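Just follow the structure's listing: the first ligand is 1, and inside any ligand the first atom is 1. Source: prediction; values computed, not measured.
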Amino acid sequence: MISVFGSANMDLVAYVAQAPKPGETITGREFRTIPGGKGANQAIAAARAGADVAFLGAVGDDAFGPGLRAALAEAGVDTAGLRVVSGPSGVAHIVVQDGGDNSIIVVPGANGVVTGPAGRDAEVIARSGALLLQLELPMDAVVAAAQVPRAAMSRAEVILTPAPAVPLPAELLEAVDLIVPNEHEAAALTGRDDPRDALEALLDLVPEAVVTLGARGVLYGSRDGARLHEAAVPVRAVDTTAAGDTFAGALAVARTEGADPARALRFASAAAALSVQREGASTSMPHRHEIDRLLEGL
Ligand code: ATP
């Protein structure tokens, strides 16, 4: 089982010719509400890729809460650990301009009042093979979650997507087994622009690291000396939204199934390559049979 302690946001997406300037009102072409948030995205990606997944987080008592729960449940994610708190759910207000440029305002809402896991939630994490974390919840809560496996003497490995990029406290780094930044986050965390240099610097902080490089694939390193580069599967990308979340969710699935690092990278790259060929975030995430079929053909 995989547990995901993270954010759930309703993405409110307006499609426009050009984003409005301050003080301007414009007419948009289309509007969509799409369940998202890095936590919920990774949970849905892992469930579709074949794992039993428990989501731990919070939604508000507004109209978006039930929709977020339903999207997780529809993907087969266990939502017993999804709390309802008083106030609004997290939202991401997204303006997509023609040509694909986005501007995004995330208002954390319920995500902003999540506290460290206790009681049943801590037990769920302790029973897991992997715990997926991102940084869209309060840092104190993320640190507390990361510390659960060791405190419970559990085998759950702690996998952190360090997004959005913020400085990471030492207590968090001490509890992380594998960090999975994209190249921009890796540069922000280490001060090294070259991803290979950033990978080496990350291994001073945590035992294993994967740096994702978009269409250029991924770099992997571990403190025991392994270094790998897995090329991306060559596909025609139409929408790379949540490619990184799809990658992280699928990577956790392969690792909890016992795949070696090379095999786990290949599995996650295949899942991400399938997702970039379709529009949307959770809407684009592939099912296990699709990933297996793509891998058989490679
Ligand atoms: P996002 O923020 O859009 O979720 P990200 O910046 O976190 O993505 P990327 O490094 O862009 O993450 O992509 C993650 C992985 O997805 C890549 O390492 C690669 O395996 C796959 N991927 C991304 N873009 C492409 C592409 N154009 N073709 C094939 N695979 C891709």
Side-chain angles (χ1 to χ4, degrees), residues 4 6-9 11 13 34-46 48-49 92 94 96 100-104 106 132-136 159-166 178-190 193-196 198-199 202 208-221 227-255 259 261-286 290-291 294-295 297-298:
V4 181
S7 59
N9 289 328
D11 291 350
V13 192
I34 307 173
K38 295 193 81 64
N41 283 344
Q42 292 190 1
I44 291 171
R48 294 242 181 98
I94 305 177
V96 182
D101 271 347
N102 291 354
S103 41
I104 305 180
V106 177
L132 285 170
L133 299 171
Q134 321 76 32
L135 299 175
E136 290 185 340
I159 302 176
L160 173 68
T161 299
V166 291
L178 166 65
I179 196 165
V180 189
N182 67 20
E183 56 189 318
H184 310 293
E185 291 145 7
L189 283 173
T190 61
D193 287 335
D194 181 324
R196 286 182 191 276
L199 180 74
L202 288 168
E208 286 182 275
V210 173
V211 180
T212 67
L213 309 171
R216 302 195 322 288
V218 291
L219 296 173
Y220 166 84
R227 299 290 182 272
L228 297 169
H229 173 245
E230 175 75 21
V233 181
V235 295
R236 205 174 70 80
V238 298
D239 181 356
T240 62
T241 309
D245 291 332
T246 305
F247 184 92
L251 186 70
V253 174
R255 287 173 67 101
R263 165 90 200 156
L265 294 183
R266 224 169 5 258
F267 184 84
S269 300
L274 287 164
S275 80
V276 302
Q277 294 175 76
R278 304 171 191 159
E279 287 200 340
S282 54
T283 41
S284 73
M285 290 164 180
E290 299 173 289
I291 304 171
L294 176 59
L295 286 169
L298 290 180

What residue and atom, counting heavy atoms only, is the protein's closest point to [atom], and at what distance?
{"atom": "atom 17 (C) of ligand 1", "result": "Gly214 O, 3.3 Å"}
{"atom": "atom 28 (N) of ligand 1", "result": "Val235 CG2, 3.6 Å"}
{"atom": "atom 29 (C) of ligand 1", "result": "Val233 O, 3.3 Å"}
{"atom": "atom 21 (C) of ligand 1", "result": "Ala272 CB, 3.5 Å"}

Establish whether atom 2 (O) of ligand 1 and some protein heavy atom are separated by less than 4.0 angstrom.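 Protein heavy atoms within 4.0 Å of atom 2 (O) of ligand 1 - there are none.
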
Near [X], which atoms of ligand 1 are under 4.0 Å from a heavy atom of that residue?
{"X": "Thr240", "value": "1 (P), 3 (O)"}
{"X": "Ala237", "value": "27 (N)"}
{"X": "Gly217", "value": "18 (O)"}
{"X": "Val218", "value": "18 (O)"}
{"X": "Ala232", "value": "29 (C), 30 (N)"}

Return yes if a side-chain donor-acceptor contact under 3.5 Å exists between Thr161 and Gln42, otherwise no.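 Judged by distance alone, the side chains do pair up.
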
If we ignore angles and hydrogens, is there a donor and acceptor under 3.5 Å between the side chains of Ser7 and Asn9?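 Side-chain D/A pair, Ser7 to Asn9: absent.
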
Could you tell me whether Arg196 and Glu183 make a salt bridge, using a distance below 4.0 angstrom between a side-chain N and a carboxylate O?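 No, this pair does not count.
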
Would you call Glu290 and Arg278 a salt bridge, taking side-chain N to carboxylate O under 4.0 Å as the test?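 Answer for the salt bridge query: yes.
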
At under 4.0 Å between heavy atoms, is it the side chain or the backbone of [X] that contacts ligand 1, or both, or neither?
{"X": "Ala242", "answer": "backbone"}
{"X": "Ala243", "answer": "both"}
{"X": "Leu213", "answer": "backbone"}
{"X": "Asn182", "answer": "side chain"}

Among Leu160, Val210, Leu202, which residue satisfies the side-chain contact (heavy atoms from CB on, under 4.5 Å) criterion with Pro181?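 Only one option passes, and that is Leu202.
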
Could you check Leu213, Asn182, Thr190 and say which one makes a side-chain contact (heavy atoms from CB on, under 4.5 Å) with Pro195?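 Considering Leu213, Asn182, Thr190, a side-chain contact (heavy atoms from CB on, under 4.5 Å) with Pro195 is found only for Leu213.
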
Polar proximity ligand 1 side, Gly244 side, N/O cut 3.5 Å exclusive: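 The answer is yes, given that Gly244 and ligand 1 share an N or O pair closer than 3.5 Å.
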
Can you find an N/O atom of Thr212 closer than 3.5 Å to an N/O atom of ligand 1?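 Yes, Thr212 has an N/O under 3.5 Å of an N/O on ligand 1.
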
